[in-house]
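First the proteins, then the strands, lettered A, B, ... as listed; each starts at 1.
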Amino acid sequence: MITKTFIKEIKEMVRDGRVKLSFLIVIILLGVTLWIRIGHYQNINEQYKNATITEREVWNGQGEKNPHSAAHFGTYAFKPKYPLSLIDQGVDKYVGISIFLEAHKRNESQFSAAADQTGLGRFGDLSPDFILLFIIPLLIILLGFNSFTKEREMGTLKLLKSLGINNWKWMIGKWISLFFPIFIISSVLFLTSGILLFNLNDFGIFNWSSLLWLFLIYICYYIVFINIVLFVSIKAKKSGISLVILLSIWIISCLAAPKAASNIAESKYHYPTKQEFNTMIMKDKRNGLDGHNPWSKQAILLEKKVLKEYGVDSLNQLPFNFTAYRTQIGEEHEAEVYFKHYKYLREQYNQQTNIYKSLAIISPYLPTRFLSMAISNTDYATHWDFSDSAENYRIKTQKFLNDNTAQNTKFGERGYKAKADFWKKLPAFNYNPPKLNNILIQNKSNLIILGAWIIFSFGLFLFNSKKI
Amino acid sequence: MLKYNFKYELKFLLRSRWIQLLYIILLIVFGFSVFNGKQKVDKIKNTIVAAEKQVKENDIMMLKLIDSIEQGYKVSVPRWTVPTNPMAIGNYHPRVAAMKPLQLSFISTGQADLYTSYIKPTVSADDYALNFTEMTSPIQLLFGSFDLAFVIVYLIPLLIIAFSFNVFSSEKERGSLRLIASQPIQINIWLLQKLGLRFFWLSIIFISTITIILLIVSSEIFLQPRIYITLLALTLAYMFFWFVLAFIINIWVGSSANNAVALIGLWIIFVLLVPSVLNQLGNTIYPMPSRTLMINEMRAKKLEVTEKQDEILDNFLRDHPEYATNDPSQTTGFYHRYIASQKLIKEEMKPLVNTFENQLKNQQNLTRSLKWISPALIMQESLNKLAGNSTEDYENYRIQVINFAETWREYLNTFLFNNLDFSTNDYINLPKFEMIRDKFSVTSAILTLLLISISLLLPGLVFLNKDFYFDE
């Protein structure tokens with residue numbers, strides 16, 4: 001029964017012009033988007049490489065210079081692009097591509113691609129994730145909305161019943177015949193992108209297991225949709241009604257719920273505006289040690305403390321340059337201030353994440369989207385990770401520079417310049433994105449939610465077998 | 001016949017609970033979206049007010065300090081923040097350059113979540129590095145906002161589709177079409193009346209729900225009825241387009257299911273595909289230069305100028321004699337060299353920075369010339385414009401801020417290069433920023449929507465033979 005139903009359904013699909021057309025459109029779209037993305041990916045990667053090298057050359061070529069001037073001159077950390085961004089570009093477009101690392105200040109990443117786009121960019125990009133997340137579920141709806149209603153409308157339901165068929169087997173046959181084409185189309189896409197990525201010259205840290213996980217996540221997402229589509233098709237009296245209901249489910253789950261979630265998250269746990277954020281940091285900075293201001297209260301306290309520690313009575317007798325030491329301590333204080341405020345931001349974001357998770361109850365799209373971005377290294381968490389490691393590098397750089405001044409100069413000495421070859425000694429910035437295992441552990445709850453969706457939707461579908 | 005149709009339709013819509021359902025759905029989605037929009041706009045307004053208040057408070061402190069210095073007292077602030085120094089004013093007492101929300105800003109988030117609503121440009125900041133982006137969670141930017149524009153552009157067409165996909169086919173499927181055909185009325189006229197009545201009822205429901213919601217959430221809008229009427233007219237024109245589409249599909253295609261598939265297909269094309277294809281087209285034809293390479297270039301220039309600062313200052317003073325002081329006893333300091341170098345970098349970077357602006361303009365022009373392909377696009381653009389949150393608005397704001405930053409710098413540079421102190425008398429002359437909005441009108445958008453609709457409707461009415469419907 002299962003095979004017979006399967007063969008009959010597939011035959012019907014192959015004969016149906018509507019199905020052929022929509023399949024063709026999806027395949028063309030996937031091909032085009034993949035092609036566009038590959039060009040984009042290669043382009044960005046090349047720019048990243050050049051930019052990193054050139055920036056390092058600029059840093060190394062500073063010549064003789066005071067280390068603190070070099071600290072203000074600063075350096076840039078550039079964000080690399082990862083292979084799976086080819087499939088899901090996630091939030092990459094909305095976060096900056098570079099962070100300016102300078103003395104006293106933690107800067108936000110700058111120059112997001114979205115800021116350089118017209119308003120059209122907000123409708124969404126033509127990329128594989130758009131097809132995978134939005135269009136393929138629609139394709140499932142299109143293929144399956146009348147799976148059961150048509151039997152009713154054509155009167156074949158009565159014939160089938162009179163044959164005494166096993167409802168279960170019949171339903172499983174229908175299920176497989178809907179799953180099969182979707183499975184094929186996704187496999188082809190993932191395999192093609194895998195092969196393409198594998199053959200790119202610098203495919204970075206591409207590994208097949210990430211791709212496999214991504215594939216599995218999408219298959220799970222589609223299974224949820226298949227179950228829902230067939231469930232509605234069983235329940236609805238007419239094909240048209242079934243289609244309209246399914247479309248409403250699709251729009252709620254893929255468009256409305258994410259938007260509503262983002263609004264609720266924003267109104268409950270909102271981010272400060274950039275200016276507010278800066279003002280809060282300024283306030284905290286002012287209350288602590290200012291490395292440039294020897295007359296501030298904190299600076300005088302530090303002076304006393306250091307003099308006591310070394311058992312000397314003037315700053316001249318210290319074995320290092322106190323001014324540079326104070327700059328470094330001030331730097332550490334500022335780093336702490338930034339740490340505190342960014343921690344707050346992160347807490348807000350974690351709270352927002354919980355809202356997204358709770359709305360995943362009405363939308364299988366949400367857990368899928370988050371998992372897909374996370375595995376592709378294009379999610380917000382990866383950006384946080386990058387920004388944190390750039391900040392750590394900044395703090396280390398400041399210490400490296402201030403220590404040099406402290407060791408090579410005396411108190412009160414002005415106009416010190418480090419040698420031209422000194423800059424090369426600073427280790428280069430190197431960022432490694434989170435590993436697949438860690439990503440999966442971090443996204444455990446999303447995996448659980450998606451799993452729950454599968455169980456729930458299978459339950460809905462299969463426990464209706466008697467009601468046909 | 002129209003009278004019978006009217007009566008029948010009303011009874012049918014009431015008994016099938018369509019009217020009640022639409023009322024509830026629209027009240028909920030309008031309420032939620034308008035409330036969200038209002039909340040966002042209030043947040044923006046409050047931050048601008050807070051920023052202006054803070055500047056005012058700081059100004060009072062600053063004036064007190066200057067006054068003390070002018071009276072010959074010693075002040076206990078770090079040397080570089082003493083406000084008689086024009087550079088201290090320029091860096092530590094910047095003005096608020098704000099883009100204040102408009103009356104209708106709550107209807108569409110547009111680009112308001114992406115860009116910041118105010119900026120305080122300082123004398124030492126680089127114009128091309130002025131960060132105009134807002135600190136928003138990128139997840140929010142990715143998902144977008146549940147605003148009124150989303151409801152109107154995305155959801156209302158779907159409601160219309162659900163409301164009208166089977167108007168004709170269901171009669172056919174139930175067999176009542178033959179009965180109607182025996183009446184003295186042309187089928188396409190009958191269908192037109194039926195859909196026209198549905199358009200009428202949906203319009204009534206739309207107007208009444210939106211008015212209720214606006215009265216509750218944002219009643220001040222009724223003080224300017226023109227804005228309110230524009231919003232209604234625009235939305236009705238858009239709704240009209242979808243009804244016309246439903247009419248065409250109803251007579252053209254066959255069964256209810258096929259009608260629904262066709263209409264949904266059109267919805268996907270107009271709302272999802274055309275915008276992203278046009279976006280891709282714009283990016284491909286007018287690609288943005290690389291920001292990373294821009295940074296590289298800027299850095300190389302900065303390194304170059306730090307090495308030759310004195311030379312640059314000399315050249316600068318030769319080119320700008322108005323800044324050169326005639327008093328040989330006065331010296332030039334860090335800021336003289338810095339400002340001169342900054343100016344040089346800015347001039348040299350200009351061609352590259354301009355390419356970004358030009359490409360964006362080119363992309364915008366391309367969109368503008370092609371947006372009639374999708375009424376959803378026309379609608380979204382017009383709503384963004386009404387809200388004052390469109391890309392053009394922010395582009396306009398950006399240019400004005402950069403000009404203001406220049407004015408601010410120029411004003412204080414005159415003090416710097418003439419080695420003059422900033423005094424309490426100069427305070428009232430400090431440049432102020434006031435954003436000037438472009439004039440706009442959505443009349444052309446409304447007309448375009450109507451034109452598209454009518455050019456679809458006429459062939460539907462004229463060329464389709466009524467026998468066509470009965471070849472079952």
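Between A:Tyr271 and A:Tyr380, the ring-plane angle classifies as tilted under the 30° and 60° cut-offs.
Contacts between B:Thr109 and chain A at a heavy-atom distance below 4.5 Å are absent for every atom of the residue. Interface residue B:Leu142: backbone and side-chain heavy atoms are both found under 4.5 Å from chain A. Within the 4.5 angstrom heavy-atom criterion, no atom of A:His383 approaches chain B. Of the two parts of A:Gln348, neither the backbone nor the side chain holds a non-hydrogen atom closer than 4.5 Å to a non-hydrogen atom of chain B. Contact annotation for B:Ala51: neither backbone nor side-chain heavy atoms come within less than 4.5 Å of a heavy atom of chain A. There is no contact between A:Ser22 and chain B, counting heavy-atom distances below 4.5 Å. Residue contact with chain A, scored on non-hydrogen atoms closer than 4.5 Å, involves the side chain of B:Ile268 exclusively. Contacts between B:Glu381 and chain A at a heavy-atom distance below 4.5 Å are absent for every atom of the residue. Of the atoms belonging to B:Asn283, it is side-chain heavy atoms, and not backbone ones, that fall under 4.5 Å from chain A. If you measure heavy-atom distances from A:Thr33 to chain B, you find no contacts under 4.5 Å at all. In this structure, chain A has a heavy atom under 4.5 Å from the side chain of B:Gln280, while its backbone stays farther away.
Considering only heavy-atom pairs separated by less than 4.5 Å from chain B, the leading option among A:Gly39, A:Ser248, A:Ala256, A:Ala265 is A:Ala256. Contact count against chain B (heavy-atom pairs under 4.5 Å) is highest for A:Thr54 among A:Thr54, A:Ile141, A:Thr52. Your options are A:Val244, A:Asn50, A:Thr273, and the one with the most heavy-atom pairs under 4.5 Å with chain B is A:Thr273. Chain B forms more heavy-atom pairs under 4.5 Å with one residue of A:Arg369, A:Lys238, A:Glu108 than with any other, namely A:Arg369. When each of B:Glu392, B:Met288, B:Glu134, B:Gln39 is checked for heavy-atom pairs under 4.5 Å with chain A, B:Glu134 comes out on top. Among A:Ala261, A:Ser112, A:Ala51, A:Ala114, the residue with the largest count of heavy-atom pairs under 4.5 Å with chain B is A:Ala51.
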- Item | Full working for side-chain contact (heavy atoms from CB on, under 4.5 Å) between B:Leu273 and A:Leu29 | CA-CA 10 Å; B:Leu273 282 182; A:Leu29 277 176; 4.2 Å; yes
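With rounding to the nearest 0.5 angstrom, the CD1 atom of A:Ile97 is 11.0 Å from the CG atom of A:Asp92.
Ring pair A:Tyr342/A:Phe277: centre-to-centre distance below 6.0 Å.
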